Chemist: 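Mind looking over this structure? Questions follow.
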There are 2 protein chains.
Amino acid sequence: MARAKGSGLPELRATGGGRVRMEDVAAVAGVSVATVSRAFGKPDSVSPELRRRVLESAERLGFRPSVLAGSLASARARIVGVVVPSLLTSFFGMTLEALAGRLGPAGYQMMVGHHEYDLEREEALVAASLDWSPAAIVVTGATHSRATLSALARAECPVVEMWEISERPIDAAVGFSNREAGRAVARHLIAGGRRRLAFVGGAMARDLRAAARGQGFVEAALEAGLPEPRVEVLEERSSTAGGIAAFARLMDADEPPEAIAFSNDFLALGALFEAQRRGVRIPEDVALAGYGDLEFAANSTPTLTTVRPPHRAIGTAVADHLLRRFEDPGAGGEIIDLGFELVARASG
Amino acid sequence: MARAKGSGLPELRATGGGRVRMEDVAAVAGVSVATVSRAFGKPDSVSPELRRRVLESAERLGFRPSVLAGSLASARARIVGVVVPSLLTSFFGMTLEALAGRLGPAGYQMMVGHHEYDLEREEALVAASLDWSPAAIVVTGATHSRATLSALARAECPVVEMWEISERPIDAAVGFSNREAGRAVARHLIAGGRRRLAFVGGAMARDLRAAARGQGFVEAALEAGLPEPRVEVLEERSSTAGGIAAFARLMDADEPPEAIAFSNDFLALGALFEAQRRGVRIPEDVALAGYGDLEFAANSTPTLTTVRPPHRAIGTAVADHLLRRFEDPGAGGEIIDLGFELVARASG
DNA sequence: ATGAAAGCGCTAACAT
DNA sequence: ATGTTAGCGCTTTCAT
């Protein structure tokens, strides 16, 4: 792969093999590589005339800076590693879209990984992300393995934990209190006159935020002087099938609950399906509440009472926080509580 | 940030500032950087003894190779750029999870971007991906802008188009025929004795695969000698709200259809909700069919007839195809038709 | 099997 | 404002 070296003649390079480098652009524009680099990186530090010439030459040659080389030289890659539990739910999808929506235009790419609520896999993903010297790393939740924690603490970039807020985050946290969300649902159901409550949680052993909601739910019931709610723990996460099974078990008990809260709207949807089959009236016979405020919750028959987490807002806030810190490396982490919203509808 | 240079003493480096480089590991292990590089990159080319020493020293120092530097030096980054329309539906989520599930263990990271079915945004995402010199790039669908097409054609890496198969893909294609899927639904409904058909499509102007299904649906109806199906095009994609509105419009018409196919299960779910409200019996009064075989389709009341696309299989097949080509750079693109499955249930 | 040395393509001091 | 010159931390010939 022959290539003209040194102060080349300002000719167009032959088509074909070999990538176009800054050196080539510099030669054609009649400037140094530093100027070309500046014209792209900090346009204001280059005179309008030269900037024009550089950009024009670059355009003519079809030059695209190698972000790999740029990252290595500047010791910072415009990558943000994002680690979420799953790519299947619209929850994290919303957050990712909001995140990418702000990060993309700012020139940052997302490197995404998912771990199915497995802390060991999270560990591997965090390590893999860190290997790229990312500009920042975003993880989900406030609970991590020892190794993840120390890797994150050692990281030379901003670290944000999202979807849950803890008192002492590693660096920054953006989310809301899942426990409070659980309490809010219980209080709402209790205010509706229900006394025998139940909670159905999907994969709470691994999904610690669902577990936190369940915990808050039970707490609030006890504080209100009600009998301890029955808690059904499902193996799977968020499936209508799980909701159907749990609903059936609960309603077939000697003393069926008067209200059931689910850790996910899909679970509640399953209960709606099963209630319809059984002729159980919602909310007359039993009140139902979900979590997530997925699109169908507002349109089901009956419409579903649920909790709306700040999915998009989390993504936007994380992005804004990071962009601010990229601009001002002096800025530190912060805790941003975005809250949640209880959406009372017909089901309970 | 002081750092010992030259042939250092084989001491442990001081804690704190500065990253551990191969040079440090080499010094401690008493070998050259080349050997350290080989010990990590091609372990078989290093004697067992030295390999052990290198790995041990690396471990002791907490050394992690800079993949940025490695990528630059070898001119290939272990990144796969993946561009999907959306991160909100489990369709692409499934594919992404399957893809990451195979690519991750092989040492490749996914760089994900979404474009909301906007070909211009796809163009930008493809360009941004290419800037990283990825090992491969995966895009969704077979239709792209001129610029995207030429950028992809010029790319020095495998390019795979997924979720649709075309006769002449840019390089490789993994998916199924959306048009055939539409035809299959129509044939199924017709076989059930329905003659007045309708199709409800979400955002078909942009979601070209949904449009292809609609086209196939209409074609099959005409071929069967039926009157041309009414086609309702919705602005939004896949919402129960849209399904409700379309169902209402269709059923309020002078001659309501005997069967309705939707471009998405959520649309059909909305119709189910609305039918329940109106007391319209499914499938007695009107048959309903969806697309996607989302989890709830098997559990709704009534259960939903739908088409199951090979979401996971697409991800796995794309990953396998790529991994094969990474091993054997001589291998070329291929067209992999994974088919789809019509799942007949109670709704139609 | 191992080492020496030359880059990979760019950024960032440091000069001018 | 622009150019010169070191690297960034690896991989990879090419020797030995």
Side-chain angles (χ1 to χ4, degrees), chain A residues 1-7 13 17-27 29-54 58 61-78 107 130-133 135 156, chain B residues 1 3 5-8 13 17-27 29-54 58 61 63-78 107 130-133 135 156:
Chain A
M1 192 184 337
R3 179 206 302 149
K5 289 223 56 156
S7 52
R13 57 198 318 289
R19 102 176 262 142
V20 184
R21 295 152 313 147
M22 276 196 175
E23 191 184 325
D24 304 316
V25 177
V31 299
S32 70
V33 290
T35 300
V36 177
S37 175
R38 290 185 189 108
F40 279 88
K42 13 178 83 87
D44 303 326
S45 67
V46 172
S47 71
E49 160 60 5
L50 281 195
R51 193 190 322 153
R52 204 190 46 63
R53 247 160 69 197
V54 168
L61 297 179
F63 169 74
R64 302 232 43 169
S66 159
V67 5
L68 236 32
S71 303
L72 179 61
S74 65
R76 64 198 200 93
R78 295 194 152 233
L130 254 18
D131 286 343
W132 284 93
S133 312
E156 294 166 328
Chain B
M1 194 185 329
R3 179 203 306 147
K5 289 223 58 158
S7 50
R13 56 199 319 287
R19 102 176 263 141
V20 184
R21 296 152 312 148
M22 275 196 175
E23 190 184 326
D24 305 315
V25 177
V31 299
S32 71
V33 291
T35 299
V36 178
S37 176
R38 291 186 188 108
F40 279 88
K42 14 178 84 85
D44 304 324
S45 69
V46 173
S47 70
E49 160 60 5
L50 282 194
R51 192 190 320 151
R52 206 191 44 65
R53 248 160 70 198
V54 168
L61 297 180
F63 168 74
R64 303 232 41 169
S66 159
V67 6
L68 234 33
S71 302
L72 179 61
S74 64
R76 62 197 200 97
R78 295 194 152 234
L130 254 18
D131 286 344
W132 284 93
S133 312
E156 293 165 330

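These numbers come from a predicted model, not from an experiment. Letters go in sequence order (proteins before strands), and every chain restarts at 1.
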Chemist: Calculate the interatomic distance between Arg52(A) atom CZ and dA1(D) atom P; express it in whole Å.
Modeler: 18 Å
Chemist: Rounded off to whole Å, could you give me the CZ-to-P distance for the Arg19(A) and dC8(C) pair?
Modeler: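 It is 12 Å, rounded to the nearest whole Å.
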Chemist: For DNA chain C, whose closest nucleotide is more 5', that of Arg51(B) or that of Gly70(A)?
Modeler: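 Taking each residue's closest nucleotide, the earlier one in sequence belongs to Arg51(B).
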Chemist: Quick one: does any side-chain atom of Arg51(B) pair with a main-chain N or O of Pro43(B) as donor and acceptor, under 3.5 Å?
Modeler: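 A pair under 3.5 Å: yes.
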Chemist: Just the rounded figure in Å: distance from P of dG7(C) to CZ of Arg76(B).
Modeler: 22 Å
Chemist: Whole angstrom is fine here: how far is it from CG in Leu72(A) over to P in dG9(C)?
Modeler: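 Distance, rounded to whole Å: 12 Å.
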Chemist: Is any side-chain heavy atom of Val31(B) closer than 4.5 Å to a side-chain heavy atom of Arg53(B)?
Modeler: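 Val31(B) reaches Arg53(B) side chain to side chain.
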Chemist: Counting only side-chain N and O atoms of Ser47(B), is one of them less than 4.0 Å from OP1 or OP2 of dT2(C)?
Modeler: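 Looking at the OP1 and OP2 atoms of dT2(C), one of them is under 4.0 Å from a side-chain N or O of Ser47(B).
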Chemist: Between Glu23(B) (CD) and dG7(D) (P), how many Å, whole number?
Modeler: 12 Å
Chemist: Which part of the nucleic acid does Ala75(B) contact within heavy-atom distance under 4.0 Å: base, sugar-phosphate only, or nothing?
Modeler: nothing
Chemist: Does dG3(C) have OP1 or OP2 under 4.0 Å away from a side-chain N or O of Thr35(B)?
Modeler: yes
Chemist: What is the distance from atom OG of Ser66(A) to atom CE of Met22(A), rounded to the nearest 0.5 Å?
Modeler: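 Answer for the OG-CE pair, Ser66(A) versus Met22(A), is 9.0 Å.
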Chemist: Toward the 5' end of DNA chain C, which comes first, Ser37(A) or Ser45(B), by nearest nucleotide?
Modeler: Ser45(B)
Chemist: Quick one, Val46(A) with Val54(A), criterion side-chain contact (heavy atoms from CB on, under 4.5 Å). Give me CA distance, side-chain angles, the key distance, then yes/no.
Modeler: CA-CA 10 Å; Val46(A) 172; Val54(A) 168; 5.7 Å; no
Chemist: Using a heavy-atom cut-off of 4.0 Å across all strands, would you classify Val46(B) as base, sugar-phosphate, or nothing?
Modeler: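 Here Val46(B) touches the backbone only, sparing every base.
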Chemist: Test your reading of the model: is there a side-chain donor-acceptor pair from Ser37(B) to the backbone of Val33(B), 3.5 Å cut-off?
Modeler: no
Chemist: Starting from the 5' end of DNA chain D, give me the residue, Lys42(B) or Ser32(A), whose nearest nucleotide shows up first.
Modeler: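 Comparing both residues, the 5'-ward one is Ser32(A).
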Chemist: Contact class for Leu50(B) vs. all strands (heavy atom < 4.0 Å): base, sugar-phosphate, or nothing?
Modeler: sugar-phosphate
Chemist: For Glu49(A) and dT2(D), give me the distance from atom CD to atom C1', rounded to whole Å.
Modeler: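 Computing the Glu49(A):CD to dT2(D):C1' distance gives 14 Å.
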Chemist: Regarding dG3(D), can its base be found pairing with the side chain of Arg38(A) as donor and acceptor, where the two atoms are less than 3.5 Å apart?
Modeler: yes
Chemist: Output the rounded distance in Å from CZ (Arg78(B)) to C1' (dC10(D)).
Modeler: 14 Å
Chemist: What's Phe63(A) touching, base or sugar-phosphate or nothing? Going by heavy atoms closer than 4.0 Å.
Modeler: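 Sugar-phosphate: the residue Phe63(A), judged by heavy atoms under 4.0 Å, touches backbone atoms but no base.
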Chemist: If you only use heavy atoms from C-beta on, which nucleotide in dG9(C), dG3(C), dT11(D) is closest to the side chain of Met22(B)?
Modeler: dT11(D)
Chemist: Trp132(A) has an atom CH2; how far is it from atom P of dC8(D), in whole Å?
Modeler: 20 Å
Chemist: When you get a sec, tell me which of dG7(D), dT11(D), dG9(D) is the closest nucleotide to the side chain of Ser66(B)?
Modeler: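 When the side chain of Ser66(B) is considered, dG9(D) is the closest of dG7(D), dT11(D), dG9(D).
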Chemist: Testing the basics here: between Leu50(B) and Thr35(B), what is the closest heavy-atom pair and its distance to 0.1 Å?
Modeler: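 Scanning both residues completely, I find the closest heavy atoms to be CD1-CG2, 4.2 Å.
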Chemist: By the 4.0 Å heavy-atom rule, please label Val36(B) as base, sugar-phosphate, or nothing.
Modeler: nothing
